[in-house]
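Below you'll find the structure, written out as structure tokens, and then a few comments.
Every value quoted in this text rests on a predicted model; they were computed, and no experiment measured them.
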Amino acid sequence: MANFSKSNVPQFSVDVYQNEYLPDGGREVNAIVTVTSTGGGTVGTAVGASYAPGQGPSAGVVVMVDCSGSMDYPPTKMRNARDATAAAVDTLRDGTHFAVVGGTHVAKEVYPGGGRLAVADRTTREQAKQALRRLSAGGGTAIGTWLRLADRLLSSGDVTIRHGILLTDGRNEHESPEDLRGALDSCAGRFTCDARGVGTDWEVKEVTGIASALLGTADIVADPTGLAADFTQMMETAMGKEVADVALRLWTPVGTTIKFVKQVAPTVEQLTDRRTEAGPRAGDYPTGSWGDESRDYHVCVEVPSAGLGQEMLAARVSLVVPQPDGSAQNLGAQGLIRAVWTDDMAASTSINPQVAHYTGQAELAQAIQQGLDLRKAGDMDGATAKLGRAVQLASASGNADTAKLLAKVVDVVDAATGTVRLKAKVAEADEMTLETRSTKTVRVKK
């Protein structure tokens, strides 16, 4: 096992891309903020390694496995879920705290039990895999109870990185939507969670809603035989996280307001309503846990109008980790968003390429979701228009993965103009895959 020294803690950097020039009377400033962390344990190097005592982050992971009755149809689904969880357990780094939860209309501790987390080593991994063999299907689905148990287990361990992996194959039919929402509200900010739907009998908006609320990823595994590879990848990514609870802090001067903040890469995620106040004219927007990675955020600021030739700081961006005592550890990276008023029409009307690109990617995600909703509602003309626009945006931005998914739902006549025809028959898995992955974006073509 390799040891990691404290020098493996990531270094954060912030880059701001914008056109700072505004016309006379202009008030809206748009910027893409790229946050990058480097020099920590990458996904590949952290897996299967251990940290020297007192060095590196301490991680806790709870795997929540759907054990409702539908997991027995077909019986291979439950077997694949057991195998996938075993593969995830094998991927745990020595010293990681972990537990396995079996989820039905109630949540049960599969391993280790006793309201606690086990510490991963050769013995506990083997014990966990033995316990998994006793998993069987039967009962209903109440995902909120699974999440609440995961929260209790993760809070029982002395860990800094807290993460969940949740697998379901059905709809959340044995608790109210309000119960699930209450569970998500109570768990938000306490741990991150990746959510997966297996097969095609689950509700996309439920699974993506869980991942969104808990700052994780969502995806479909239409064929249960793909679960082991997916679980292994999720666990490898979790093992690569080095810093938890990072917040994007925005400070703005008097008279300036934040119109919106959204993550735009690798997925579109609205953060505006998640702001917590952080002192005079400053607010924190949660981004979850980080390893070696880079993400992009779209910040839109409304500034007071100023005269030609004037300039001002519209917002200052920094990265912090909030502390239990209410203070915050500054991660030492900063970016400035500026506003300059000019009568140069060419300068003030030019749209920054990054801003234009991600505005299109956000519209692409929205067009797909609206188009699929209209299709389900029977509005075929509306669905054709929205999905046609999505094809046009995917083509123009080079989002090849999304373009391929769209081509399984519509026949593309002309991608450049967005001319499409809805397919008469669409496989349910194809439609659900498009909906689940609709928020995945591509970065600006260099």
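Residues Phe191 and Leu147 have side chains in contact (heavy-atom distance under 4.5 Å, counting atoms from C-beta outward). Between Thr287 and Val35, every side-chain heavy-atom pair lies at or beyond the 4.5 Å cut-off. No side-chain heavy atom of Val29 sits less than 4.5 Å from a side-chain heavy atom of Arg338.
Judged by distance alone, the side chains of Ser294 and Thr36 do bring a donor and an acceptor atom under 3.5 Å apart. Side chains of Thr123 and Gln127: no donor on one and acceptor on the other come within 3.5 Å. With hydrogens and angles left out, the side-chain atoms of Arg196 and Thr217 include a donor and acceptor closer than 3.5 Å. Judged by distance alone, the side chains of Ser212 and Glu269 do bring a donor and an acceptor atom under 3.5 Å apart. With hydrogens and angles left out, the side-chain atoms of His163 and Asp194 include a donor and acceptor closer than 3.5 Å.
Listed for the Glu178 side chain is no donor-acceptor partner under 3.5 Å among the backbone atoms of Ser176.
Applying the side-chain hydrogen bond (donor to acceptor under 3.5 Å, both in side chains) criterion to Asn172, with sequence neighbours excluded, gives Glu175. Shown here are the side-chain hydrogen bond (donor to acceptor under 3.5 Å, both in side chains) partners of Gln130, two or more places apart in sequence or in another chain: Arg133. With sequence neighbours excluded, no residue forms a side-chain hydrogen bond (donor to acceptor under 3.5 Å, both in side chains) with Asp15. With sequence neighbours excluded, no residue forms a salt bridge (Lys or Arg N to Asp or Glu O under 4.0 Å) with Arg148. For Asp296, the side-chain hydrogen bond (donor to acceptor under 3.5 Å, both in side chains) test picks out Thr34, Tyr358, Arg443, with sequence neighbours left out. Under the ring pair (Phe, Tyr, Trp, His ring centres under 6.0 Å) criterion, Trp290 pairs with Phe12, not counting sequence neighbours.
Sequence neighbours left out, the pairs with a member in residues 102-122 that pass ring pair (Phe, Tyr, Trp, His ring centres under 6.0 Å) are Phe98-Tyr111. Sorted by first and then second residue, the salt bridge (charged side-chain N to carboxylate O under 4.0 Å, His left out) pairs with a member in residues 351-366 read Glu363-Arg389; sequence neighbours excluded. Among pairs with a residue in residues 102-124, none fulfils salt bridge (charged side-chain N to carboxylate O under 4.0 Å, His left out), at least two apart in sequence or across chains. Pairs of residues two or more places apart, or lying in two chains, that qualify as side-chain hydrogen bond (donor to acceptor under 3.5 Å, both in side chains) and include a residue from residues 400-410 are Asn399-Thr402. Within the structure, side-chain hydrogen bond (donor to acceptor under 3.5 Å, both in side chains) contacts touching residues 364-374 (residues at least two apart or in different chains) are Lys205-Asp373, Gln369-Ser438, Gln370-Lys386. Residue pairs meeting the salt bridge (charged side-chain N to carboxylate O under 4.0 Å, His left out) criterion with at least one partner in residues 60-82, sequence neighbours excluded, are Lys77-Asp169.
Within 6.0 Å of the OH atom in Tyr73, the count of heavy atoms belonging to other residues, nucleotides or ligands does not exceed 12. More than 12 heavy atoms of other residues, nucleotides or ligands sit less than 6.0 Å from atom CG of Leu313. By the 6.0 Å contact criterion, CG on Asp158 is open, its count of non-hydrogen atoms from other residues, nucleotides or ligands being 12 or less.
A side chain to side chain contact (heavy atoms under 4.5 Å, CB included) with Gln361 is found for exactly one of Val442, Val444, Val264, namely Val442.
What you find for Gly140 and Ser68 is that their closest heavy atoms are O-CB, 3.2 Å. In terms of heavy atoms, Ser155 sits closest to Arg190 at CB-NH2, 3.6 Å. Closest heavy-atom contact between Leu132 and Ala86: CD1-N, 3.5 Å.
Atom OG1 of Thr359 and atom CG of Asn352 lie 9.5 Å apart (nearest 0.5 Å). Distance check: Leu434 CG to Thr436 OG1 gives 8.5 Å after rounding to the nearest 0.5 Å.
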Take Glu126 and Lys129, measure what salt bridge (Lys or Arg N to Asp or Glu O under 4.0 Å) needs, and give me the verdict at the end.
-> CA-CA 5 Å; Glu126 195 54 43; Lys129 288 189 286 185; 3.8 Å; yes

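Ionic pairing of Asp201 and Arg171 is not present here: no N-O contact between side-chain nitrogen and carboxylate oxygen is shorter than 4.0 angstrom.
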